[in-house]
Amino acid sequence: MTSTDREILRLAVPAFLALVAEPLFLLSDAAIIGHLGTTELAGLGIAGAVLQTLVGLCVFLAYGTTASVARHLGAGDTRGALTQGIDGCWLAVLIGTLVTVVGAVLARPLVELFGAGAAVSDQATAYLQVAIFGVTPLLLMLATTGVLRGLQDTRTPLWVAVGGNIANIVLNVVFVYGLDLGIAGSALGSVLAQLASAGVLVAVVVRAARREGAPLTPDRSGIVTAARTGVPLVLRTLTLRACLLVGTYAVTLAGRDTALDLATHQIAITLWTFLAFALDALAIAAQAITGRALGAGDVDGTRALTRRMVQWGWGAGIVSGLLLAASAPFLGPLFSPDTGVHHLLVPVLLVAALGQPIAGVVFVLDGVLIGAGDGAYLAWAGLGVLALYAPAAVLAALGPGGLVPVWLAMVVVFMGARFVLLTRRARTDTWLVTGSLASRP
């Protein structure tokens, strides 16, 4: 094993475990709510899509912060790295407050955009109206995790994620079954677990900032700079989330039993997200190491890292695809007692399994380019992918095959287009910008 492999594993293994733990918030919610009924599970599918979109648009708080902090670290400026990280935390608070207010007011209209019917919409609204208050803690978790990853620490976020998920499961069981609060109780348990997790991560970052003499008070110019730097990543994330929302909308067009299709899709997309987060561990390692290497001016090392990371991406994707295909017949009963869901889920998961090797490479190269500060290209690439995928998903839904063709469109068009655009970019030298700031013409 080479030194590059050891460095990748040192960062990726804890990140893998932490990222696997993160979607367990939704996996545990899906398992608990799924046993309340198919309507409740379908409601979680709608609410989860809205909530993940609102939070997912702010993933730059983790990704952008990781890259910028790592660059400063590579340039030998630890105080500057933490100063940049604190600015990102304040930005998370400002954005989180705004999103919470807007989301609380517009919860019902956002849910009704999916046209899933009154019963499903009622359940989705009940969940979303409570879960929206976890947005600010979630964004703080993103920002502080980004700081720690940039400092090459992926272990602390792991322990916090594990503790948060244990708390989430316990609170969900108590509120949903012990206090009979239904789907709203599941949302409340998640919010409390997220609040506790954010508090621990903030305390760790604040302690590090004090140790290095970095300021803790909000700095207007620093916050504005962090926001401006994040704009391309927001656009990139917006296009990706739009693709997933189009996919959820396409599911509502795909068959006559909308609740059954949505419930099955919710389980499948949750498992897909679970695997995506697991593959993203390699991307996080790529972000941290790429940012540090370019900050130190090591272009040749960055190239060598990228080649090796792509090999890891192929391997991880093949393994995850085989595991998903092998377990597909047994996963349905874990999330729902509905035999219709069980039967429909198997072919959907087999399609998802076929896309895992491509996904492994896509996530790695996405991480490399984010670590390099190449957000503008990622934003334009995202727009291109959306333009191709949106009509393909709708056409697949309107055909005779139902839910399975919608998932085929996701694998072939959505992931396939990303693969082509990212591999072509990685072969160029445009993204190899060195120094503590990723400035580009």
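Taking the six-membered ring for Trp and thresholds of 30 and 60 degrees, W407 and W272 have ring planes more than 60 degrees apart, a perpendicular arrangement.
Looking only at side-chain heavy atoms (C-beta outward), V200 and M141 stay at 4.5 Å or farther from each other. Two residues are said to be in side-chain contact when any heavy atoms from C-beta on lie closer than 4.5 Å; L331 and L324 meet this criterion. The closest side-chain heavy-atom distance from P215 to R79 is below 4.5 Å.
Salt-bridge formation is not detected for the pair R220/D87: no Lys NZ or Arg NE/NH1/NH2 atom is positioned less than 4.0 Å from an Asp or Glu carboxylate oxygen. Salt bridge absent: R207 and E212 never bring a charged side-chain N and a carboxylate O closer than 4.0 Å.
Within the 3.5 Å criterion, the main-chain N or O of G297 finds no donor-acceptor partner in the side chain of T434.
Between A379 and L235, the closest heavy-atom pair is CB-CB, 3.9 Å.
For the salt bridge (charged side-chain N to carboxylate O under 4.0 Å, His left out) condition, the pairs that include at least one residue of residues 358-369, sequence neighbours left out, are R236-D366, D366-R418. Counting only residues at least two apart or on different chains, no ring pair (Phe, Tyr, Trp, His ring centres under 6.0 Å) pair has a member in residues 130-177.
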One pair to check against salt bridge (charged side-chain N to carboxylate O under 4.0 Å, His left out): D122 and R108. What are the steps and the verdict? CA-CA 8 Å; D122 287 344; R108 184 76 190 194; 2.7 Å; yes

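With hydrogens and angles left out, the side-chain atoms of Q194 and S190 include no donor and acceptor closer than 3.5 Å. Side-chain N/O atoms of Q152 and R292 include a donor and acceptor closer than 3.5 Å.
Atom CZ of residue F419 and atom CZ of residue R424 lie 12.5 Å apart, to the nearest 0.5 angstrom.
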